[in-house]
*Asks:* 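The structure's right below; bear with me while I get my questions together.
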Amino acid sequence: MKIKLKKWSFEDKEFLIKMCNTIDRNYLSDRLPNPYTNESAKWWLNMVKENDEKKGVFRKIVVDGKIIGTISVEQKEDVYRKDSEIGYYLLQEVYSKGIMTEAVRQICEIAFEKLDIIRITGMVYEPNIASRKVLEKNNFLLEGIMKKAVIKNKNIYDLCIYGKVR
Ligand SMILES: CC(C)(COP(=O)(O)OP(=O)(O)OC[C@H]1O[C@@H](n2cnc3c(N)ncnc32)[C@H](O)[C@@H]1OP(=O)(O)O)[C@@H](O)C(=O)NCCC(=O)NCCS
């Protein structure tokens with residue numbers, strides 16, 4: 001299985017819409033529009049075109065020629081501008097094959113090369129064991145836990161703060 005990270009293009013729009021309306025959102029921020037519309041995709045693909053390799057790195061995850069997920073590292077602003085935040089999700093049918101562990105390895109290399117950052121932060125809701133493992137397998141350190149910091153679908157979660165320093 002060859003796991004490749006590739007740049008997004010406007011030709012991916014229909015697939016992006018389908019994927020974002022299929023994924024499991026239980027541990028994702030509400031920033032991701034729901035439902036994910038044509039307008040949502042157009043706005044996001046334009047944002048990516050403007051900011052890729054300037055304020056963030058944004059890649060589709062491709063396995064055997066098929067898009068199966070997305071991953072990004074976005075630079076923060078103001079006094080936090082040397083820091084960044086990683087985000088990712090996959091289609092459920094390809095979970096637990098080691099795909100995201102490899103994708104995170106690759107995006108960290110790209111982000112440290114292309115962006116003027118010295119750290120990458122991962123913010124994971126406490127019960128999201130798969131995501132915590134993905135970061136830990138990539139040598140992110142659990143730096144702290146913010147108690148009851150998240151409300152998602154009426155559930156209150158602790159927020160695990162992971163960091164990887166250049
Ligand atoms: C989190 C996510 C990206 C993981 O991707 P993935 O490709 O399945 O991850 P990997 O296979 O590389 O590694 C996951 C690890 O967690 C383990 N795992 C998966 N589900 C688990 C669970 N419920 N409990 C314990 N371990 C679990 C896997 O066995 C694997 O561990 P291993 O390498 O020791 O076998 C994927 O589940 C996803 O897209 N979830 C929805 C979106 C999301 O939560 N994004 C992250 C927000 S912070």
Side-chain angles (χ1 to χ4, degrees), residues 1-8 12 15-37 40-41 44-45 47-48 55-76 80 83-112 115 117 119-165:
M1 183 171 54
K2 194 106 182 135
I3 300 155
K4 289 188 181 164
L5 301 193
K6 295 190 172 173
K7 293 190 180 191
W8 285 98
D12 301 320
F15 189 84
L16 177 66
I17 295 168
K18 208 169 136 206
M19 181 169 73
C20 289
N21 285 318
T22 314
I23 49 165
D24 178 357
R25 291 163 175 263
N26 282 327
Y27 299 134
L28 291 179
S29 135
D30 290 336
R31 189 171 76 133
L32 187 70
N34 191 11
Y36 199 87
T37 62
S40 321
W44 190 78
L45 288 166
M47 186 284 291
V48 166
K55 292 186 171 173
V57 285
F58 306 85
R59 297 290 182 272
K60 56 189 178 191
I61 304 170
V62 179
V63 171
D64 300 332
K66 277 176 59 183
I67 308 174
I68 46 92
T70 182
I71 188 163
S72 63
V73 171
E74 290 183 69
Q75 192 165 3
K76 298 190 185 191
Y80 309 109
D83 190 8
S84 60
E85 189 174 333
I86 190 166
Y88 43 77
Y89 46 83
L90 281 186
L91 290 174
Q92 267 174 290
E93 65 220 45
V94 296
Y95 279 11
S96 289
K97 294 174 191 281
I99 294 174
M100 199 53 85
T101 300
E102 171 57 17
V104 167
R105 188 192 68 73
Q106 292 184 29
I107 201 83
C108 289
E109 263 186 31
I110 299 170
F112 280 133
L115 304 175
I117 54 169
R119 64 169 276 141
I120 301 174
T121 299
M123 312 240 265
V124 186
Y125 311 162
E126 191 274 336
N128 192 354
I129 304 295
S131 184
R132 296 179 60 180
K133 278 192 164 183
V134 163
L135 294 181
E136 285 164 8
K137 285 188 285 179
N138 276 286
N139 301 318
F140 277 73
L141 285 183
L142 179 60
E143 297 175 332
I145 297 180
M146 293 170 70
K147 292 291 179 191
K148 298 184 192 253
V150 173
I151 181 160
K152 176 73 191 190
N153 297 339
K154 299 190 182 153
N155 299 306
I156 302 283
Y157 294 131
D158 291 350
L159 180 63
C160 299
I161 311 294
Y162 282 89
K164 186 180 179 80
V165 175

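Keep in mind that this is a model prediction, so the values were computed, not measured. In listed order, ligands and their atoms are each counted from 1.
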*Asks:* Counting non-hydrogen protein atoms only, what is the nearest one to atom 48 (S) of ligand 1? Give residue, atom name and distance.
*Replies:* Ser131 OG, 3.4 Å

*Asks:* Specify whether the nearest protein heavy atom to atom 23 (N) of ligand 1 is under 4.0 angstrom away.
*Replies:* no

*Asks:* Is Tyr88 close to ligand 1, meaning an N/O of one under 3.5 Å from an N/O of the other?
*Replies:*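 Between Tyr88 and ligand 1 (N or O atoms, distance only) the closest approach is under 3.5 Å.
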
*Asks:* Does ligand 1 come near enough to Val94 that some N or O of the ligand is less than 3.5 Å from an N or O of the residue?
*Replies:* no

*Asks:* Tell me whether Tyr27 has any N or O atom under 3.5 angstrom from an N or O of ligand 1.
*Replies:*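 In fact, backbone or side chain, Tyr27 has no N or O that close.
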
*Asks:* Who gets closest to atom 41 (C) of ligand 1 by heavy atom: Tyr162, Tyr95, Tyr125?
*Replies:* Tyr95

*Asks:* Any idea which atoms of ligand 1 are less than 4.0 Å away from a heavy-atom of Leu90?
*Replies:*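 That gives atoms 5 (O), 6 (P), 7 (O), 39 (O) of ligand 1.
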
*Asks:* Please determine, by modelled atom types, if Asn153 and Asn155 share a side-chain donor-acceptor pair under 3.5 angstrom.
*Replies:* no

*Asks:* Go through ligand 1 atom by atom and flag the ones less than 4.0 Å from a non-hydrogen atom of Ile129.
*Replies:* 24 (N), 25 (C), 26 (N)

*Asks:* Give the atom numbers and elements of ligand 1 that come within less than 4.0 Å of a heavy atom of Gly98.
*Replies:*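 The atoms of ligand 1 under 4.0 Å from a heavy atom of Gly98 are 10 (P), 11 (O), 12 (O).
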
*Asks:* Does Glu143 have any salt bridge (Lys or Arg N to Asp or Glu O under 4.0 Å) partners at least two apart in sequence or in another chain, and if so, which?
*Replies:*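 In terms of salt bridge (Lys or Arg N to Asp or Glu O under 4.0 Å), with neighbours along the sequence ignored, Glu143 is linked to Arg119.
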
*Asks:* Record the part of Asn128 in heavy-atom contact with ligand 1 below 4.0 Å; permitted values are side chain, backbone, both and neither.
*Replies:* side chain

*Asks:* Please give me the minimum heavy-atom distance between Cys20 and Leu32, naming the atom from each residue.
*Replies:* SG-CD1, 4.4 Å

*Asks:* So which heavy atom in the protein is nearest atom 8 (O) of ligand 1, and how far is it from that ligand atom?
*Replies:* Ser96 N, 2.7 Å

*Asks:* Looking only at protein heavy atoms, which one is nearest to atom 14 (C) of ligand 1, and what is the separation?
*Replies:* Ala130 O, 3.8 Å

*Asks:* Report the C-alpha distance between Met1 and Ile99 in whole Å, list the side-chain angles of each, state the deciding distance to 0.1 Å, and finish with yes or no for side-chain contact (heavy atoms from CB on, under 4.5 Å).
*Replies:* CA-CA 9 Å; Met1 183 171 54; Ile99 294 174; 4.0 Å; yes

*Asks:* Go through it in stages, so that I can follow the logic: the residues are Tyr88 and Ser131, the test is side chain to side chain donor-acceptor pair (under 3.5 Å), and I'd like the CA-CA distance, side-chain angles, deciding distance and then a yes or no.
*Replies:* CA-CA 9 Å; Tyr88 43 77; Ser131 184; 2.7 Å; yes

*Asks:* Take the angle between the ring planes of Tyr125 and Tyr157 and call it parallel below 30°, perpendicular above 60°, tilted in between.
*Replies:* parallel

*Asks:* I want to know if ligand 1 touches Asp24 in the polar sense, i.e. an N/O pair below 3.5 angstrom.
*Replies:* no

*Asks:* Where the side chain of Lys164 meets the backbone of Asn138, is there a donor-acceptor pair that is under 3.5 Å apart?
*Replies:*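 Yes, Lys164 side chain to Asn138 backbone: donor-acceptor pair under 3.5 Å.
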
*Asks:* If you measure from the Lys or Arg side-chain nitrogens to the Asp or Glu carboxylate oxygens, is any gap between Arg31 and Glu85 under 4.0 Å?
*Replies:*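 No, Arg31 and Glu85 are not salt-bridged.
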
*Asks:* Compute the shortest N/O to N/O distance between Met100 and ligand 1 and return yes if it is under 3.5 Å, no if not.
*Replies:* yes

*Asks:* Considering residues, nucleotides and ligands other than Phe15, do more than 12 of their heavy atoms fall under 6.0 Å from its CZ?
*Replies:*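 Yes.
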
*Asks:* So, using ring-ring contact (aromatic ring centres under 6.0 Å, His included) as the criterion, who are the partners of Phe112 when residues are at least two apart?
*Replies:*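 None.
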
*Asks:* Under 4.0 Å, heavy-atom basis, I'd like to know which part of Met123 is in contact with ligand 1: side chain, backbone, both or neither.
*Replies:*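 For Met123, only backbone atoms sit under 4.0 Å from ligand 1.
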
*Asks:* To which protein heavy atom is atom 17 (C) of ligand 1 closest, and what is the distance rounded to 0.1 Å?
*Replies:* Lys133 CD, 3.7 Å

*Asks:* Is a side-chain N or O of Lys152 found less than 3.5 angstrom from the main chain of Leu28, in a donor-acceptor match?
*Replies:* yes

*Asks:* Give the numbers and elements of all ligand 1 atoms closer than 4.0 Å to a heavy atom of Leu28.
*Replies:*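 With Leu28 as reference, the close atoms of ligand 1 come out as 42 (C), 43 (C), 45 (N), 47 (C).
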
*Asks:* For atom 9 (O) of ligand 1, what's the nearest protein heavy-atom neighbour? Residue, atom name and distance, please.
*Replies:*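 The closest one turns out to be Val134 CG2, 3.4 Å.
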
*Asks:* Tell me the contacting part of Glu102 for ligand 1: side chain, backbone, both, or neither, using a 4.0 Å heavy-atom threshold, strictly below.
*Replies:*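 Neither; nothing of Glu102 gets under 4.0 Å from ligand 1.
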
*Asks:* Output yes when a protein non-hydrogen atom is found under 4.0 Å of atom 36 (C) of ligand 1, and no otherwise.
*Replies:* yes

*Asks:* Please could you name the atoms of ligand 1 that Tyr89 approaches to less than 4.0 Å, counting only its heavy atoms?
*Replies:*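 By the 4.0 Å cutoff, the relevant atoms are 39 (O), 42 (C).
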
*Asks:* Report the C-alpha distance between Tyr89 and Arg25 in whole Å, list the side-chain angles of each, state the deciding distance to 0.1 Å, and finish with yes or no for side chain to side chain donor-acceptor pair (under 3.5 Å).
*Replies:* CA-CA 9 Å; Tyr89 46 83; Arg25 291 163 175 263; over 6 Å; no

*Asks:* Taking side chain to side chain contact (heavy atoms under 4.5 Å, CB included) as the criterion, tell me which of Leu45, Leu5, Val48 meets it with Phe58.
*Replies:*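 Exactly one option meets the side chain to side chain contact (heavy atoms under 4.5 Å, CB included) with Phe58, and it is Val48.
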
*Asks:* Can you name the atoms of ligand 1, numbered from 1 with element, that are less than 4.0 Å from a heavy atom of Thr101?
*Replies:* 10 (P), 12 (O), 13 (O)

*Asks:* If you have a sec, work out which protein heavy atom is nearest atom 13 (O) of ligand 1 and how many Å separate them, to one decimal?
*Replies:* Lys137 NZ, 3.2 Å

*Asks:* Just checking Lys18: does its NZ atom have more than 12 heavy atoms from other residues, nucleotides or ligands closer to it than 6.0 angstrom?
*Replies:*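 Counting neighbours around NZ of Lys18, 12 or fewer heavy atoms of other residues, nucleotides or ligands fall under 6.0 Å, so no.
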
